[in-house]
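The structure under discussion appears below in the form of structure tokens.
None of the values given here were measured: they were computed from a predicted structure.
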Amino acid sequence: LCCFLPTLVSMLEQTAGAKLISYQSDIDKDKNKGNFIHYFYQDTSKQQEIEQRRQRDNLSPADVTRAGLPESGVVSAPVLQLQLRNSARSLSLWQNLEAVQNSGLLEQLPQKEVIMQEAMFELVTSEASYYKSLEILETHFLRNPVLIHTLSQSDMHFLFSNIEEVMKASERFLMDLEHRIEESILISDVCDIVFHHAVEHFGVFISYVINQVYQEKNYRRILEGNQAFREAMASLENHPRVRGLSFTSFLILPFQRITRLKLLVQNILKKVEENSERESNAIKAHQQLEQIVKECNEGVRKMSRTEELISIEKTLEFKSKSVPIISHSRWLLKKGEVQLMAGPKSTRTMKSRKLYHPVFLFLFNNLLLVTKRSSGGDKFQVLDSCTRAMLRTEDLEDQGQLLANVFNLKLLENQEERPVSYMLKTSSMSDKLRWVCALTPNRRTRFMSTSAHQPDSPQVQCIQSYSSQEPDELSIEMADVLNLLERTDDGWMMGERLHDGERGWFPSRVVEEIQSKEVRVQNLREAFRIQQAQEGVGGGPQTGSRAGVKGGTTHPEELLQLL
């Protein structure tokens, strides 16, 4: 899925403040080697969802209505014996199972119910393959006598944390799912089981995910200082059983699973019939998983953000007034080098090479630091600072190569309590727009010559997964739908993911625009349904909801009015 392979810690450092769900780590790269069931099925399912949207994009409204009409005369469903935990074969889509095809159900069921069955089947089969991968982690690594012999008891705990408790929780969960799916080939529900286990057993995920920061650090430390462990690990990772996957790929599985499970339930919630028992169970399951993921997010965020602030503060040198950097309410949004225009825009100055001087910006959620690198490159001298609320930006029309990609940054009140204006130049148009959007996220505080925010609310769907490489980027997965907020001519887009309101930049090559107004409306309805579930059953929009917190995020219901 992903085009790069960051470690967990480096990902945390690069994307402090981004949601945990964005972290893909090296398992995304290794999946092509492993061919585990849940990777195969997930890609197949996501591709099917993309194709369904494409087909709906080309249908007339009448065709869309006919596609969802129910049919009568559904035959009784036979029992399905899959033996998921003990099966070595790969499971395909529900409708491709021989028992399903022989039953006649596909000719009897309405298309909406077939889609529902696929969504529930994906949750069950992906849990089975996830559990098999956990078994490899336990039997091949955790219980390996050679590896155990090379580690102290404390190092064993650092590396494996409470993975045994996580495995027990998964085993109990999978057994209940297996029992449900083996009752009948026509799956009645799975979200009631998810809700029960999320309440009773899934708290173990929180401790494991929070410990992963230390897990990766200690793994590096042990690798560097313990030759016997390094040799044992190299041998274990080369074993055919792990199919070329790294040890850290297995360690990150529980983190990936709890976030993936929330998305699977979310997918079911989008498809289930309204005011039904299935809907009620899906809402309760989604709310409980949302809470677990939130606690995981907050635990890791607090540690990673604090560590990053400490690291940044060590590199700063204040020329005059010192600004306290470390704060529990502060985190890094974006950093990087831009060019500061120096001197008047005269012909003589423009011909010289000193028209611009490099400066390095550190943008936090509530503070901007304007700095310049030291001669050694490892320190930054602070030239100016300003609270983020007092920043304004103004786009400047390109005036030839020397003045291309230039914008004005206005500090209404800097560290010396006076207004200052900087003319800054970036390396590309997309870099300029990304800085402008980061510095002044509220459109009323920036003045762009053009705006890509159209009243018809254009949408795109992800056709190739992408992992963020900068704090202002957004990790997206196949079939994610996003409202398009900004775009540049050199291949970048800013979008807001419908299902959680997260926004950021991504390459335009990994998405395609959704042309059909009917499909866009349906996507917004599904997103609004998810948002209502998150805010509480029947609660409707609340004060302080995601729309308010995001600072300018448009509520799905408002977008429906626009469409």
Judged by atom type as modelled, is there a donor-acceptor pair below 3.5 Å linking the side chain of [X] to the main-chain atoms of [Y]?
{"X": "Glu118", "Y": "Gln95", "result": "yes"}
{"X": "Thr259", "Y": "Gln256", "result": "yes"}
{"X": "Gln459", "Y": "Ile514", "result": "no"}
{"X": "Asp480", "Y": "Glu477", "result": "yes"}
{"X": "Asn267", "Y": "Leu263", "result": "no"}
{"X": "Lys425", "Y": "Ala404", "result": "yes"}
{"X": "Thr387", "Y": "Asn366", "result": "no"}
{"X": "Ser276", "Y": "Glu279", "result": "yes"}
{"X": "Ser468", "Y": "Leu474", "result": "no"}
{"X": "Arg497", "Y": "Gly504", "result": "no"}

Spatial distance of atom [atom1] ([X]) from atom [atom2] ([Y]) [nearest 0.5 Å]:
{"X": "Glu290", "Y": "Asn297", "atom1": "CD", "atom2": "CG", "result": "8.5 Å"}
{"X": "Tyr130", "Y": "Glu127", "atom1": "OH", "atom2": "CD", "result": "6.5 Å"}
{"X": "Thr248", "Y": "Ile252", "atom1": "OG1", "atom2": "CD1", "result": "7.5 Å"}
{"X": "Ser280", "Y": "Lys284", "atom1": "OG", "atom2": "NZ", "result": "4.5 Å"}
{"X": "Trp492", "Y": "Asp431", "atom1": "CH2", "atom2": "CG", "result": "10.0 Å"}
{"X": "Trp94", "Y": "Gln117", "atom1": "CH2", "atom2": "CD", "result": "4.5 Å"}

[X] to [Y] - nearest heavy-atom pair and separation:
{"X": "Arg305", "Y": "Trp331", "value": "NH1-CE3, 3.2 Å"}
{"X": "Ile187", "Y": "Met120", "value": "O-CE, 3.3 Å"}
{"X": "Pro358", "Y": "Glu337", "value": "CB-CD, 3.7 Å"}
{"X": "Ala285", "Y": "Val194", "value": "CB-CG1, 3.9 Å"}
{"X": "Trp435", "Y": "Lys335", "value": "CZ2-C, 3.9 Å"}
{"X": "Leu269", "Y": "Ala282", "value": "CD1-CB, 3.9 Å"}

- State, without any angle test, whether Gln291 and Glu295 hold a side-chain donor-acceptor pair at a distance under 3.5 Å. yes

Note: [X]-[Y] ion pair, threshold 4.0 Å (strictly below):
{"X": "Glu470", "Y": "Lys334", "value": "no"}
{"X": "Arg487", "Y": "Glu513", "value": "yes"}
{"X": "Arg434", "Y": "Glu473", "value": "yes"}
{"X": "Glu122", "Y": "Arg260", "value": "yes"}

Does the side chain of [X] reach to within under 4.5 Å of the side chain of [Y], using non-hydrogen atoms?
{"X": "Gln101", "Y": "Glu98", "answer": "no"}
{"X": "Asn365", "Y": "Arg330", "answer": "yes"}
{"X": "Leu109", "Y": "Leu186", "answer": "yes"}
{"X": "Ile185", "Y": "Leu97", "answer": "no"}
{"X": "Leu261", "Y": "Phe173", "answer": "yes"}
{"X": "Leu332", "Y": "Leu363", "answer": "no"}
{"X": "Lys271", "Y": "Arg278", "answer": "no"}
{"X": "Ile312", "Y": "Phe364", "answer": "yes"}

- Item | Val100/Phe121 under side-chain contact (heavy atoms from CB on, under 4.5 Å): CA gap, chis, key distance, verdict | CA-CA 12 Å; Val100 173; Phe121 188 70; over 6 Å; no

- Message: For a side-chain contact (heavy atoms from CB on, under 4.5 Å) check, start with the C-alpha distance between Gln461 and Asn523, then their side-chain angles and the critical distance, and finish with the verdict.
- Response: CA-CA 10 Å; Gln461 69 170 340; Asn523 292 336; over 6 Å; no

- Quick one: do Leu424 and Leu340 satisfy side-chain contact (heavy atoms from CB on, under 4.5 Å)? Show the steps, please. CA-CA 5 Å; Leu424 302 176; Leu340 172 64; 3.8 Å; yes

- Begin from the C-alpha positions of Asp189 and Glu277 and carry the test side-chain contact (heavy atoms from CB on, under 4.5 Å) through to its verdict. CA-CA 9 Å; Asp189 197 3; Glu277 185 177 0; 5.5 Å; no

- Item | Residue of the set Thr488, Asn405, Asp490 for which side-chain hydrogen bond (donor to acceptor under 3.5 Å, both in side chains) holds with Ser430 | Asp490

- Item | Residue list, side-chain contact (heavy atoms from CB on, under 4.5 Å) with Ala198, at least two apart or on another chain |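 Checked Ala198 against side-chain contact (heavy atoms from CB on, under 4.5 Å); matches are Phe202, Gln288, Leu289, Ile292.
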
